[in-house]
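Note that the structure is predicted; figures quoted are calculated from it, not measured. Residues: numbered from 1 along the sequence shown. Both counts, for ligands and for their atoms, begin at 1 and track the order of listing. Computed from heavy atoms alone, side chains included, the values below leave out hydrogens, waters and symmetry copies.
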Amino acid sequence: VLWLIQLLLPLVLLLWLLQWPAKHILLRVLQIAGTGMILFALHFAGLWMMPPWWTPWVFWVVFAIAFWRGCGFGGPARLGGLGYSLAIFWAGLGGLGGWVALEALRARMPPDGNIAILGLPLPEGRYYVANGGSHEIVNAHLRTRGRRTTGQLNYWGQSYGVDLISLDRVGFPADSIAPHNPSDYHIFGTPVLAPCAGRIVHTHDGVSDGVPVNMSDATSKVGNYALIRCGTFDILLAHFRKDSLQVGLGDLVYEGQVVGAVGTSGASDMPHLHIHAQHPGTANAPFSGEPVPMLIAGRYLVRGDRL
Ligand SMILES: [Zn+2]
């Protein structure tokens, strides 16, 4: 579905604008605005890993060509029945795209209140934010927002969580287009660093990478992990590679200390590092505490950011 929306939809709209631009001036304006708004929405809210982050820029180049080619036209002055339908279609598409783009931009503002100041939980490298920000449109972790189901309650702490992956020079997360093994991903095995000084208050290891988990369990979604208490906040680093945990319960860690390696254990589609800050949860549901937004290496990270 993601591929369909992110690739097929803009390609169809751009081809339409290039080959069959509307003749009527109002319709043409609506077509350009509708297409442009959808491109804005995909640019700011899309998950650009494969296809990579620069894909929207290719769309913008095609859009500019289509726009330029469409300048200077003479069409019929009257709008037919089909024309009205098309006008409504383009206006609707433009409204939808504009709303998504606006929400994605608003998601760049952290919520009011406390904020956890953290270091980068990974060594220097080329990283992409797959999830992050203050709106569900750019941060899947906010599906906990309703706090109605036990799943939402048990993982409420993840709400402002960030998921990080590695990119190569070209912008791809893995060596092949359709990776088969977790180790095909560039980030797999990268050391995970404590982003703050603190004490290990929860850990788990021994979960295999890329194996489906029991979603009803209060902790198994996170796979292998370390929960670090830094001052009044708990910081979760999750989905470690099996048997990579370097710290034990009660250990004191310094900022930058290696605590594990990136993997894809637990509820994880591909190797990535999950990090979130929260107030302490309960003994049975350690990730149920009140979520806290983070500044990581001085930035409030939102989907699409690169570092
Ligand atoms: Zn996550």
Query raised in the report: Does anything in residues 164-185 pair up under side-chain hydrogen bond (donor to acceptor under 3.5 Å, both in side chains), and if so which pairs, sequence neighbours excluded?
Result: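 Residue pairs passing side-chain hydrogen bond (donor to acceptor under 3.5 Å, both in side chains), neighbours aside: Asp168-His186.
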
Query raised in the report: Taking the six-membered ring for Trp, are Tyr225 and His204 parallel (under 30°), tilted (30 to 60°) or perpendicular (over 60°)?
Result: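 Rings of Tyr225 and His204: parallel, as their planes differ by under 30°.
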
Query raised in the report: Under 2.8 Å from the Zn ion (ligand 1), protein N/O/S atom count?
Result: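 That number is 3, waters not included.
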
**Report entry** Salt bridge flag under 4.0 Å for residues Arg241 and Asp209
**Finding:**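 So Arg241 does not pair with Asp209 through a salt bridge.
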
Query raised in the report: Is a side-chain N or O of Asn224 found less than 3.5 angstrom from the main chain of Val207, in a donor-acceptor match?
Result: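 A pair under 3.5 Å: yes.
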
Query raised in the report: Do Trp60 and Trp54 make the cut of ring centroids closer than 6.0 angstrom?
Result: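 Trp60 vs Trp54: aromatic centres not under 6.0 Å.
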
Query raised in the report: Which pair of non-hydrogen atoms, one from Gly171 and one from Trp53, has the smallest distance, and what is that distance?
Result: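 The answer is CA-NE1, 3.9 Å.
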
